[in-house]
There are 2 protein chains.
Amino acid sequence: MNYTEAKDKFISTWGSLGTLWGINKAMAQIHALLWISPEPLSMEDIMEELHISRGNTSMNLRQLMDWGIVFKESKPGERKEYFASEKDVQELARQVAKERSRREIKPVIKVLREVSAIEGDGTKKTEELIKQTKALYELADSADTMMNKIVNQESNWITKTLMKLIK
Amino acid sequence: MNYTEAKDKFISTWGSLGTLWGINKAMAQIHALLWISPEPLSMEDIMEELHISRGNTSMNLRQLMDWGIVFKESKPGERKEYFASEKDVQELARQVAKERSRREIKPVIKVLREVSAIEGDGTKKTEELIKQTKALYELADSADTMMNKIVNQESNWITKTLMKLIK
DNA sequence: TTAAACTTTCAAAAATTACTGAAAGTTTAA
DNA sequence: TTAAACTTTCAGTAATTTTTGAAAGTTTAA
């Protein structure tokens with residue numbers, strides 16, 4: 001496998017993984033491209049490499065910046081803007097975990113807490129609703145707390161922790 | 001909030017979370033419905049409660065069974081088939097982790113290993129591709145190994161472990 | 001200021017994904 | 001066997017999501 005094959009394989013695999021996990025393909029592919037690029041890329045560079053439109057590129061770069069994993073860079077003396085990925089894998093993981101917790105997990109935990117807190121009325125179905133949503137609440141809440149621990153630790157806490165668990 | 005409101009809120013929230021994580025809404029909602037139902041439900045029951053078609057119900061039940069989190073039950077003396085959810089939250093988590101690892105993570109790890117193993121050619125871009133995909137490979141591999149540890153432990157290992165990490 | 005160089009927005013179109021419903025298939029009781 | 005009771009399949013349709021591209025917006029150099 002030469003450079004171009006490897007690059008294309010990585011970009012397309014990353015795009016598919018994104019799709020599977022609810023992230024749009026263009027966004028995941030732009031991230032992949034920047035992740036392996038030694039230099040920041042311009043919008044033109046990205047459009048050309050991935051064969052996507054200017055609008056699509058712009059919108060997805062914006063999202064990647066909202067997620068905190070891509071940054072704008074301006075080269076001195078140039079009008080054009082360049083984009084660069086967060087390059088540290090630990091920081092990438094922290095940032096993704098943090099955002100998914102904030103946007104997706106926390107709101108669900110809130111609903112689970114509310115739903116599992118309704119008053120029992122003596123019926124079996126209400127008991128079951130309370131019992132099952134409470135179990136989900138407790139699991140989700142522990143998992144989320146752990147994620148946030150990770151997010152707020154020094155950068156290689158993840159690896160250290162995983163190592164500790166694995167051995 | 002009364003029973004019906006709580007039930008509807010749970011089902012619709014679970015459906016939306018599914019969508020966000022790449023799982024189709026009907027599948028997530030059927031799971032939610034069975035999760036809180038004290039008794040197994042028939043296909044008719046599910047269709048009626050969620051206002052979805054027979055075909056849709058059938059296909060998504062099949063998928064839930066493929067994931068190993070919903071089971072067919074036949075009541076003695078009845079032709080109709082009934083469906084019940086895995087009720088243990090630990091087992092649910094184990095099963096979901098196991099399947100996502102097998103279907104989605106493992107194949108990506110394989111690609112990352114291949115891509116990061118290409119031979120360097122002295123160019124900066126090849127070096128960067130190797131370095132960055134290797135970093136991703138190592139993180140993904142550790143995380144996956146941990147997931148599989150969890151999957152193969154006794155049922156409340158998750159909670160114990162999370163507790164240990166949190167305090 | 002002006003206008004060139006660039007980015008963002010957004011309505012419309014395309015692509016993808018999910019859903020329906022009727023026909024085909026299967027199972028079981030008699 | 002037959003036929004009733006049920007489930008699955010799948011082609012067509014609908015809904016949703018993504019993408020495009022041109023117009024509007026912004027920035028900066030002169």
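Note on naming: letters A, B, ... go to the chains in the order of the sequence lines (proteins, then strands), and numbering restarts at 1 for each one. All values derive from a computational prediction rather than experimental measurement.
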Q: Hey, is the side chain of A:Asn24 poking within less than 4.0 Å of OP1 or OP2 on D:dT19, counting only N and O atoms?
A: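 Answer yes for this pair, as a side-chain N or O of A:Asn24 is under 4.0 Å from OP1 or OP2.
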Q: Rounded to the Å, how far apart are A:Lys25 NZ and C:dA14 P?
A: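 Those two atoms, NZ and P, are 17 Å apart.
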Q: What is the separation between atom CD1 on B:Ile52 and atom P on C:dG21, rounded to the nearest whole Å?
A: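 Answer to the nearest Å: 12 Å.
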Q: Round to the nearest Å and state the distance from A:Leu61 atom CG to D:dT20 atom P.
A: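 A:Leu61 atom CG is separated from D:dT20 atom P by 13 Å.
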Q: To the nearest angstrom, how far is A:Leu41 atom CG from C:dT7 atom P?
A: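 A:Leu41 atom CG is separated from C:dT7 atom P by 13 Å.
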Q: Kindly confirm or rule out a cation-pi arrangement of B:Lys72 over B:Phe83, judged by NZ or CZ under 6.0 Å from the six-membered ring centre and within 45° of its axis?
A: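 Judged by the rule, B:Lys72 and B:Phe83 form no cation-pi pair.
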Q: Are A:Met1 and B:Val108 connected in the hydrophobic side-chain network, where two residues link if heavy atoms are under 4.5 Å apart?
A: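 Result: yes, single cluster for both.
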Q: Distance check: side-chain N/O of A:Arg79 vs OP1/OP2 of D:dT26, anything under 4.0 Å?
A: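 No, A:Arg79 has no side-chain N/O under 4.0 Å of OP1/OP2 on D:dT26.
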Q: Heavy atoms from C-beta onward define the side chain here; which of D:dT20, C:dT8, D:dT8 lies closest to that of A:Ser58?
A: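 Among D:dT20, C:dT8, D:dT8, the one nearest the side chain of A:Ser58 is C:dT8.
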Q: Can you work out whether A:Gly77 or A:Ile23 has the more 5'-proximal nearest nucleotide on DNA chain D?
A: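 Whichever sits nearer the 5' end wins; that is A:Ile23.
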Q: Under a 3.5 Å cut-off for both contacts, is C:dC19 paired Watson-Crick or G-U wobble with anything, and if yes, with which nucleotide?
A: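 Because both required distances fall under 3.5 Å, C:dC19 counts as paired with D:dG12.
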Q: When you measure from the side chain of A:Thr19 to the backbone N and O of A:Gly15, does any donor-acceptor pair fall under 3.5 Å?
A: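 Here the side-chain-to-backbone pair exists.
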Q: State the pairing partner of D:dT18; accept Watson-Crick or G-U wobble contacts with both distances under 3.5 Å, and report none otherwise.
A: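 D:dT18 is paired with C:dA13.
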Q: Between B:Asn56 and C:dT20, is there a side-chain N or O to OP1/OP2 distance below 4.0 Å?
A: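 Answer yes for this pair, as a side-chain N or O of B:Asn56 is under 4.0 Å from OP1 or OP2.
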Q: Relative to the 5' end of DNA chain C, which residue comes earlier, A:Glu81 or B:Gly55, by the nucleotide with the nearest heavy atom?
A: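 Between the two, 5'-proximity favours A:Glu81.
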Q: Establish, for the pair A:Arg100 and A:Trp67, whether the NZ or CZ atom is under 6.0 angstrom from the six-membered ring centre and no further than 45 degrees off its axis.
A: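 Checked: cation-pi criterion not met.
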Q: Pairing check on D:dT28: which nucleotide meets the Watson-Crick or G-U wobble criteria with it, both distances under 3.5 Å?
A: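 With both distances under 3.5 Å, D:dT28 matches C:dA3.
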Q: Can you tell if the side chain of B:Lys9 reaches within under 4.5 Å of the side chain of A:Val111, non-hydrogen atoms only?
A: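 Yes, close enough: below the 4.5 Å cut-off.
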Q: Does D:dT19 have OP1 or OP2 under 4.0 Å away from a side-chain N or O of A:Arg54?
A: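 So the side chain of A:Arg54 is outside the cut-off, no N or O lying under 4.0 Å from OP1 or OP2 of D:dT19.
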Q: Please name the nucleotide paired to C:dT8 by Watson-Crick or G-U wobble geometry with both distances under 3.5 Å, or report none.
A: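 For C:dT8, the partner nucleotide comes out as D:dA23, under the 3.5 Å rule.
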Q: Give the rounded distance in Å between these two atoms: NE2 of A:His51 and C1' of D:dT18.
A: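 Taking NE2 of A:His51 and C1' of D:dT18, I get 18 Å after rounding.
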Q: Choosing from D:dT8, D:dT19, C:dT9, which nucleotide comes nearest the side chain of B:Met43?
A: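 Nearest to the side-chain atoms of B:Met43, counting from C-beta on, is D:dT8.
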Q: Using modelled atom types only, decide if a donor and an acceptor are shared between the side chain of A:Glu5 and the backbone of A:Asn2 within a distance under 3.5 Å.
A: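 The answer is yes, because a donor-acceptor pair under 3.5 Å joins these two groups.
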Q: Between D:dT27 atom P and A:Lys75 atom NZ, what is the distance in whole Å?
A: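 Those two atoms, NZ and P, are 22 Å apart.
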Q: For B:Glu44 and C:dG21, what is the distance between atoms CD and C1' respectively, to the nearest whole Å?
A: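 In whole Å, C:dG21 C1' and B:Glu44 CD are 14 Å from each other.
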Q: Is the shortest side-chain N/O distance from B:Lys80 to OP1 or OP2 of D:dA4 below 4.0 Å?
A: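 The answer is no; no side-chain N or O of B:Lys80 sits under 4.0 Å from OP1 or OP2.
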Q: Tell me: CD of A:Glu78 to C1' of D:dA29, nearest whole Å?
A: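 The answer, rounded to whole Å, is 14 Å.
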